[in-house]
Engineer: 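Sending over a structure as structure tokens; questions will come in a sec.
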Amino acid sequence: MKYNEFEIISNFFNKYQKKEKNLIKGIGDDSALIKIPKNNILAISTDTLVEGTHFFQNIDPKNLAYKTIAVNLSDLAAMGALPKWVILSITMPKIDATWLKCFSNNFFRILNQYKITLIGGDTNCGPLSITLSVYGLIQGKKQLLRQNAKEGDLIYITGSLGDSAAGFFLLQRKKYFINIKIRNYLIQKHLNPIPRISEGIIIKNFANAAIDISDGLVSDLGHILEKSKCGANIDLNKLPISNYLINNFKKNNYFDWALYFGEDYELCFTVSKKNINKLNLAIKKRLIQCKHIGYITSKEKGFNLIKNNKKINFKKTGFNHFN
Ligand code: ADP
Ligand code: MG
């Protein structure tokens, strides 16, 4: 069957989803209408994935659907927002019903799992590219901004760093040298990173600043430091590196991945000393798993990586699309 634009929308994207109470009008009009609940802030973000830049041409549409959602939800997580609605703009070179079915089935499966509603979009013909805009709610007035880190804050990372990079490199190799279970685990960490939504909402109450790690710790923590006009000391020996990496890869590789590769989608956040007990309580209740990696210092002291009490030389740039 050949589909036109409207048939694509009605067959693959205008699917039944459970009614959400703040949504006045979803797909099907000139714009969607949403009622923002009292005492909430609306958080909005968007990300584009382009074939050849963000994913390989032969990517499984299931994985593409996952990644599109995960990278966007991760941005909301870093603001302590609960994701509620999304807008999907999809540009495709041709209409491939099998591909679309696979993409859309997984797309809705994930949205429903997070109780997120697709409220609109745009459908075009051209080189494959997907833009998702996400809308979330932040309860109360507290805001988790990059600019709010303070000298003396402790710096934390959720989960672990570098697994996604390892997964990426394992995916590119036909032959592999490690246990298949570990290989699959690392590949999953690359293809299906879990956005730290609940963690973001928890830390919002007591953290000063946060960012999600999409471009590597050096680059992303660098954004916090720049916006907050601060420096930082990071202890390399404290970086959260999984045993899978420690036991199967070279030290140089996994430190490099943790610092520069990115795509871990973990949260990096800062907490002042007076709020550490609140964080420790959340850790104790198993609401969050995170590791202390260093301190925020004054801007004059700069950004330092420290190993065995010595500063080490390192490059200050992470991934950059125009490099
Ligand atoms: P308009 O011409 O007014 O922009 P469109 O024909 O592009 O309207 O879209 C019609 C409706 O379908 C709108 O509500 C739009 O948000 C929605 N829509 C279009 N493409 C998609 C898509 N890929 N996913 C979800 N909704 C879509
Ligand atoms: Mg349109």
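Order of listing sets the numbers, starting from 1, for every ligand and every atom in it.
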Engineer: Yes or no: does Phe6 have any heavy atom under 4.0 Å from an atom of ligand 1?
Structural biologist: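 Yes; Phe6 lies near enough to ligand 1 that a heavy-atom distance drops under 4.0 Å.
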Engineer: With backbone taken as N, CA, C and O and side chain as the heavy atoms from C-beta onward, which portion of Asp29 lies under 4.0 Å from ligand 1: side chain, backbone, both, or neither?
Structural biologist: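 For Asp29, the contact with ligand 1 is made by the backbone alone.
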Engineer: Which ligand 1 atoms, with their elements, are less than 4.0 angstrom from a heavy-atom of Ile27?
Structural biologist: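 Contacts of ligand 1 toward Ile27, numbered from 1: 12 (O), 14 (O), 17 (C), 25 (C), 26 (N).
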Engineer: Does Phe13 reach ligand 1 with a nitrogen or oxygen that is under 3.5 Å from one of the ligand's nitrogen or oxygen atoms?
Structural biologist: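 No, since none of the N or O atoms of Phe13 sits under 3.5 Å from an N or O of ligand 1.
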Engineer: Report the distance from atom CZ of Phe314 to atom CZ of Phe255, rounding to the nearest 0.5 Å.
Structural biologist: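 If I round to the nearest 0.5 Å, the distance is 14.0 Å.
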Engineer: At their closest point, which heavy atom of Asn148 faces which heavy atom of Asp153, and how far apart are they?
Structural biologist: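 Heavy-atom minimum between the residues: O-OD2, 4.4 Å.
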Engineer: By number and element, which atoms of ligand 1 are closer than 4.0 Å to a non-hydrogen atom of Ile90?
Structural biologist: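 Atoms satisfying the 4.0 Å criterion: 23 (N).
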Engineer: Just let me know how Ile9 lines up against ligand 1, side chain, backbone, both or neither, with a heavy-atom cut-off below 4.0 Å.
Structural biologist: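 The part of Ile9 near ligand 1 is the side chain, not the backbone.
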Engineer: For residues 57-100, which residue pairs qualify under ring-ring contact (aromatic ring centres under 6.0 Å, His included), counting only residues two or more places apart or in two chains?
Structural biologist: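 Residue pairs passing ring-ring contact (aromatic ring centres under 6.0 Å, His included), neighbours aside: Trp99-Phe103.
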Engineer: Between NZ of Lys15 and CD1 of Ile27, what distance do you get to the nearest 0.5 Å?
Structural biologist: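 Lys15 NZ to Ile27 CD1: 11.0 Å, rounded to 0.5 Å.
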Engineer: For atom 25 (C) of ligand 1, which candidate among Ser10, Gly120, Gly28, Ala32 holds the nearest heavy atom?
Structural biologist: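 Considering heavy atoms of Ser10, Gly120, Gly28, Ala32, the nearest to atom 25 (C) of ligand 1 sits in Gly120.
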Engineer: Any idea which atoms of ligand 1 are less than 4.0 Å away from a heavy-atom of Leu88?
Structural biologist: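 Numbered from 1, ligand 1 contributes 22 (C), 23 (N), 24 (N).
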Engineer: Between Leu217 and Ile293, is there a side-chain heavy-atom distance shorter than 4.5 Å?
Structural biologist: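 Yes, close enough: below the 4.5 Å cut-off.
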Engineer: Under 3.5 Å, which donor-acceptor pairs link side chains of residues 74-84 to any protein atom two or more places apart or in another chain?
Structural biologist:
unit_1	atom_1	unit_2	atom_2	d
Ser74	OG	Asp212	OD2	2.7
Lys84	NZ	Glu20	OE2	3.4

Engineer: If the cut-off is 4.0 Å to any non-hydrogen atom of Asp30, which atoms of ligand 1 fall inside it?
Structural biologist: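 Contacts of ligand 1 toward Asp30, numbered from 1: 3 (O).
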Engineer: Atoms of ligand 1 less than 4.0 Å from Glu5 heavy atoms?
Structural biologist: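 Counting atoms of ligand 1 from 1, those under 4.0 Å from Glu5 are 6 (O), 7 (O).
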Engineer: Specify the closest pair of heavy atoms between Tyr3 and Ala97, including all atoms of both residues, with the distance to one decimal.
Structural biologist: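 Between these two residues, the closest heavy atoms are CE1-CB, 3.7 Å.
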